[in-house]
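Below is one structure, written out as structure tokens; the observations come after it.
Each residue takes its place number in the sequence, starting with 1.
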Amino acid sequence: MLDEAANALREWQHDDQPFQLHPGDLGWYRRFGAEATGDAIRIWRGGGRVVAVGLLDGADLLRFTIAPDARADEELAVRLADDISSPERGVLPAGTVYVESPRGTRFQELMFERGWQSDVPWTPLRRDLGSPVEDPGVRVEVIGADRADVHAAVVRASFEKSTFTEDRWHAMAAGSPYADARSLVAFDGDDAAAAITVWSAGPGRPGLVEPMGVHRDHRGKGFGRAITLAGAAALRALGSSCALVCTPSSNAGAVATYRAAGFTALPEVHDQRR
């Protein structure tokens, strides 16, 4: 199921499309293992093809997108809204739940018509990769399987509730989306100071940053900007047309870091909440 969903998402990534679920999101979720990832993926088919893909990212959040040429389809929108709104259909549970989907679809309009509300704002950011990326100014290494512990340790030290481990790094890397990904670490002397994983969707398509973090002991020294520049350069080498990332608008530090690395903020987006 992962391969089928990732392949569909890869085809739907275009520079002129709004921010949406990316194959890298599935690749990052793969850290929880093949079975858990399969259980979290939702696929809708129609006309002999995949027309929508969702990822149950936690118990109450469905990250979700629709094939670009089907986003105005009324029949599909009703089908999706019915499935997602009905707990007995197994897409989302009862109670307060959230859906992330691209703006401007008939599905999103229909969910608002059914009483769903906007949740807190997120800021997508984009950096064009048509020109070379400036040097990050620090030592950065590409991390392979033999040094997974280094990358995982920085991620854990960057996010308060992170459960990322060496074993989860290997589980992530075992998924098919990781063939188009790179994990990088920036160093402060001999100390690993910041980490990033970037995901390509193929040449000429947008790539994704997920995740980027700076070790709590090395903040305020420019390592967030440096590792983000290194990640953007890695995506450019993979043929990506641009680099994308999305962060809570309330996280002013993250927004500022991405801006400092040459990203431009796009219009805010909102999950929908029941």
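- Of the possible donor and acceptor atoms, one in the side chain of Q13 sits under 3.5 Å from a partner among the backbone N and O of L21.
- Of all the heavy atoms in S101 and Q272, the pair that sits closest is OG-OE1, 4.1 Å.
- No side-chain heavy atom of I84 sits less than 4.5 Å from a side-chain heavy atom of R42.
- The pair D149-R156 does not count as a salt bridge, with every side-chain nitrogen at least 4.0 angstrom from each carboxylate oxygen.
- Around the CD atom of E74, the shell of radius 6.0 Å holds more than 12 heavy atoms that belong to other residues, nucleotides or ligands.
- The distance from atom CZ of R79 to atom CG of D82, rounded to the nearest 0.5 Å, is 10.5 Å.
- In this structure, the separation between CZ on R205 and SG on C242 is 12.0 Å, given to the nearest 0.5 Å.
- Looking only at atom types and distance, the side chain of T123 has no donor-acceptor partner in the side chain of T247 under 3.5 Å away.
- Each of V133 and L208 belongs to its own hydrophobic cluster when Ile, Leu, Val, Met, Phe, Trp and Tyr are linked at side-chain heavy-atom distances under 4.5 angstrom.
- Under the rule for a salt bridge (Lys or Arg N to Asp or Glu O under 4.0 Å), the partners of D15 that lie at least two apart in sequence or sit in another chain are R126.
- C246 is listed as a side-chain neighbour of V269, based on a closest heavy-atom distance under 4.5 Å.
- From D188, atom CG reaches atom CG of D217 across 10.0 Å, with rounding to the nearest 0.5 Å.
- One N or O on the side chain of Q20 and one on the backbone of W12 form a donor-acceptor pair closer than 3.5 Å.
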Just distance, no hydrogens or angles: give the donor-acceptor pairs under 3.5 Å from side chains in residues 48-62, sequence neighbours left out.
| from | atom 1 | to | atom 2 | distance (Å) |
| --- | --- | --- | --- | --- |
| R49 | NH1 | D69 | OD1 | 3.3 |
| R49 | NH2 | D69 | OD1 | 2.9 |
| R49 | NH2 | D69 | OD2 | 3.3 |

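- At least one donor-acceptor pair closer than 3.5 Å links the side chain of R139 to the backbone N or O of G189.
- If you check the side chains of Y178 and S183, you find a donor sitting under 3.5 Å from an acceptor.
- Checked by atom type, the side-chain pair R168/T163 shows a donor-acceptor distance below 3.5 Å.
- Two different hydrophobic clusters hold L110 and W44 under the rule that ILVMFWY side chains link at heavy-atom gaps under 4.5 Å.
- Ion pairing between R106 and E113 holds under the 4.0 Å rule for side-chain N and carboxylate O.
- The two atoms that bring E11 and H14 nearest to each other are O-NE2, 3.0 Å, heavy atoms only.
- Atom CG of D16 is surrounded by more than 12 heavy atoms from other residues, nucleotides or ligands within 6.0 Å.
- Distance alone, capped at 3.5 Å, is enough to place a donor-acceptor pair between the S162 side chain and the F164 backbone.
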Could you walk me through whether K221 and V214 satisfy the side chain to side chain contact (heavy atoms under 4.5 Å, CB included) test, starting with their C-alpha distance in whole Å, then the side-chain angles of each, then the deciding distance to 0.1 Å, before giving a yes or no?
CA-CA 10 Å; K221 302 178 182 179; V214 180; over 6 Å; no
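- In the hydrophobic cluster analysis, where Ile, Leu, Val, Met, Phe, Trp and Tyr join through side-chain heavy atoms closer than 4.5 angstrom, L76 is grouped together with W116.
- Side chain of D73 to main chain of E75: a donor-acceptor pair is present (N/O by atom type, distance under 3.5 Å, no hydrogens or angles).
- Looking at residues two or more places apart in sequence or on another chain, you find a salt bridge (Lys or Arg N to Asp or Glu O under 4.0 Å) between R273 and D119.
- Atom CD1 of residue I196 and atom CD of residue E210 lie 10.0 Å apart, to the nearest 0.5 angstrom.
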Give the table of side-chain donor-acceptor pairs shorter than 3.5 Å for residues 30-38, with sequence neighbours excluded, one pair per line with atom names and distance.
| from | atom 1 | to | atom 2 | distance (Å) |
| --- | --- | --- | --- | --- |
| R30 | NH1 | A171 | O | 2.8 |
| R31 | NH1 | W28 | O | 2.9 |
| T37 | OG1 | G33 | O | 2.7 |

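- For the pair P177 and W199, the minimum side-chain heavy-atom distance is below 4.5 Å.
- Without hydrogens or angle criteria, R127 side chain to Y258 main chain gives no donor-acceptor distance under 3.5 Å.
- The minimum heavy-atom distance linking P93 with R274 is given by the pair O-NH2, 2.9 Å.
- Under the 4.5 Å side-chain heavy-atom criterion for grouping Ile, Leu, Val, Met, Phe, Trp and Tyr, V155 is connected to M172 within one hydrophobic cluster.
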Contacts table for residues 223-240: side-chain donor-acceptor under 3.5 angstrom, sequence neighbours left out:
| from | atom 1 | to | atom 2 | distance (Å) |
| --- | --- | --- | --- | --- |
| R225 | NE | A260 | O | 3.0 |
| T228 | OG1 | G224 | O | 2.7 |
| R236 | NE | L129 | O | 2.9 |
| R236 | NE | S131 | O | 3.1 |
| R236 | NH2 | G130 | O | 3.2 |
| S240 | OG | L235 | O | 3.4 |

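- In terms of hydrophobic clustering, with Ile, Leu, Val, Met, Phe, Trp and Tyr side chains grouped at heavy-atom distances under 4.5 Å, V120 and V245 are assigned to different clusters.
- Atom-to-atom distance recorded for E141:CD and R147:CZ is 4.5 Å, nearest 0.5 angstrom.
- Pairing each heavy atom of S158 with each of G213, the nearest pair is OG-C, 3.2 Å.
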Practice problem: Using the side chain to side chain contact (heavy atoms under 4.5 Å, CB included) rule, take F19 and L266 through it: C-alpha gap first, then chi angles, then the decisive distance, then the call. | Solution: CA-CA 9 Å; F19 190 86; L266 304 175; 5.6 Å; no
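- Identified under the ring-ring contact (aromatic ring centres under 6.0 Å, His included) test for residues 74-108, with sequence neighbours left out: F64-F107.
- Taken from CG in L125 to CG in L244, the straight-line distance is 9.0 Å, to the nearest 0.5 Å.
- Taking every heavy atom of both residues into account, G175 and L2 meet most closely at CA-CD2, 4.3 Å.
- What you find for S85 and M111 is that their closest heavy atoms are OG-CE, 3.9 Å.
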